[in-house]
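Side-chain atoms are counted along with the backbone in the values below, which use heavy atoms only and exclude waters and symmetry mates.
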Amino acid sequence: HHPGIPIFHEGMKYWSCCQRKTTEFQQFLDQEGCDLGHCTWTRADGKEGVVRCRYDWHQTASHVTVAIYAKKYDPAVSSIDINPIRLKAHIFFPQEKGSFDLDIELQGLVSVEQSTCGMFGTKVEIKMKKAESGSWSKLEIPRVIESKPSEEEIKLEDSDSKVDALDLDDLDLTPQKFQLSDDARTAKYL
């Protein structure tokens, strides 16, 4: 196999690991690997991870349907939890030793008692009955993530907030009459 990545540049096709360049695509595909090893399609024991799944939603006048596209998940371990304002989904994949978690705050209210969930071979479909009539512009309310200010921003704020102390009593506000220097005087101004 090739541990590197394929590179296609100015008509040349090659792997980043072995640099055997060719212009023909079939010759590129037929190149022998430059490394020996074996391929694993599952995670090693004890290493659980996050599985990425695609999900989509649509609505009718009375229902909102969320479809999570997933293959080879375990419905016995997976769970769907809903309440009137939140949807939580935990889909477990035994072969990948990982799971997909979805936790969203819904745009509108749903009736939990009239909602259903179906776990099929290629997807999980959650059909939620709207508690209020109306169209949803989005499925979820976006979460506001507050970022902590960096040390540089804190230093800038501290330096801006420090004001030099100035006592108005120390200022000399008496009117002064200015005189021209001898070189600047002309007969016209005498």
Side-chain angles (χ1 to χ4, degrees), residues 1-9 13 15-16 25 28-29 33 37-158 160-161:
H1 77 281
H2 291 281
I5 60 170
I7 298 176
F8 303 96
H9 181 67
K13 298 148 191 70
W15 293 92
S16 63
F25 189 72
F28 168 74
L29 292 176
H38 64 280
C39 186
T40 58
W41 291 97
T42 61
R43 287 189 175 89
D45 288 339
K47 294 185 178 179
E48 291 192 9
V50 175
V51 177
R52 295 179 55 180
C53 291
R54 187 173 63 89
Y55 69 94
D56 198 5
W57 73 286
H58 68 276
Q59 65 180 317
T60 62
S62 61
H63 287 83
V64 173
T65 304
V66 177
I68 302 170
Y69 301 100
K71 291 182 179 179
K72 299 182 180 178
Y73 65 93
D74 186 358
V77 181
S78 302
S79 64
I80 306 296
D81 298 319
I82 61 171
N83 66 37
I85 60 168
R86 183 168 296 282
L87 167 65
K88 291 182 182 181
H90 175 78
I91 313 295
F92 181 72
F93 297 86
Q95 284 185 333
E96 288 86 8
K97 295 186 173 99
S99 63
F100 169 75
D101 291 304
L102 179 68
D103 182 6
I104 55 176
E105 185 175 345
L106 299 171
Q107 182 76 31
L109 296 174
V110 296
S111 173
V112 177
E113 296 81 20
Q114 296 175 330
S115 299
T116 60
C117 175
M119 294 189 170
F120 306 109
T122 57
K123 70 178 179 177
V124 176
E125 187 174 271
I126 306 140
K127 189 173 182 180
M128 299 174 284
K129 171 82 169 125
K130 292 181 183 178
E132 302 169 336
S133 62
S135 180
W136 294 8
S137 59
K138 296 178 181 177
L139 174 63
E140 61 186 297
I141 296 174
R143 292 184 179 171
V144 177
I145 301 172
E146 295 182 18
S147 62
K148 294 181 180 179
S150 67
E151 290 181 25
E152 292 178 14
E153 291 173 346
I154 292 171
K155 288 178 183 177
L156 286 175
E157 287 177 11
D158 288 344
D160 289 344
S161 63

Nearest-0.5 Å distance that lies between atom CG in L29 and atom NZ in K13: 10.0 Å
From the list V66, N83, L139, side chain to side chain contact (heavy atoms under 4.5 Å, CB included) with L106 holds only for L139
Heavy-atom check, side chain of V64 versus side chain of W136, under 4.5 Å: yes
Using every non-hydrogen atom in the two residues, find where W57 and S137 come nearest and quote the distance to one decimal. CZ2-O, 4.3 Å
Value rounded to 0.5 Å, distance of CG in L87 from SG in C117: 9.0 Å
Rounding to 0.5 Å, atoms OG1 (T116) and NZ (K127) come to a distance of 6.0 Å
S78: which residues meet the side-chain contact (heavy atoms from CB on, under 4.5 Å) condition with it, sequence neighbours left out? Y73, I91, F92, M119
Decide side-chain contact (heavy atoms from CB on, under 4.5 Å) for R52 and F100; before the verdict, give the C-alpha distance in whole Å, the side-chain angles of both, and the deciding distance to 0.1 Å. CA-CA 6 Å; R52 295 179 55 180; F100 169 75; 5.8 Å; no
Say whether, by atom type as modelled, one donor and one acceptor occur between the side chain of Q59 and the main chain of T65 under 3.5 angstrom. no
If you measure from CD1 on I80 to CE on M128, what distance do you get to the nearest 0.5 Å? 10.0 Å
E105 side chain near E140 side chain, heavy-atom distance below 4.5 Å: no
Side chains of K130 and S62, heavy atoms from C-beta outward: is any pair under 4.5 Å? no
Would you say that I5 contacts W15 through its side chain, given a criterion of any heavy-atom pair below 4.5 Å between the two side chains? no
For I68 and A89 the tightest heavy-atom approach is CD1-CB, 3.8 Å
Between K71 and F93, does a side-chain contact (heavy atoms from CB on, under 4.5 Å) hold up when you go through it step by step? CA-CA 8 Å; K71 291 182 179 179; F93 297 86; 5.9 Å; no
Take R86 and D103, measure what side-chain contact (heavy atoms from CB on, under 4.5 Å) needs, and give me the verdict at the end. CA-CA 7 Å; R86 183 168 296 282; D103 182 6; 2.8 Å; yes
Within-4.5 Å side-chain heavy-atom neighbours: I126 and S115: no
Take a 6.0 Å sphere around NZ of K129 and say whether it holds more than 12 heavy atoms from other residues, nucleotides or ligands. yes
Within a strict 4.5 Å, meaning less than it, do heavy atoms of the Y69 and V124 side chains meet? no
Looking only at heavy atoms, the pair that brings H90 and V77 closest together is CD2-O, 4.1 Å
To the nearest 0.5 angstrom, please state how far the NZ atom of K88 sits from the CG atom of D101. 10.5 Å
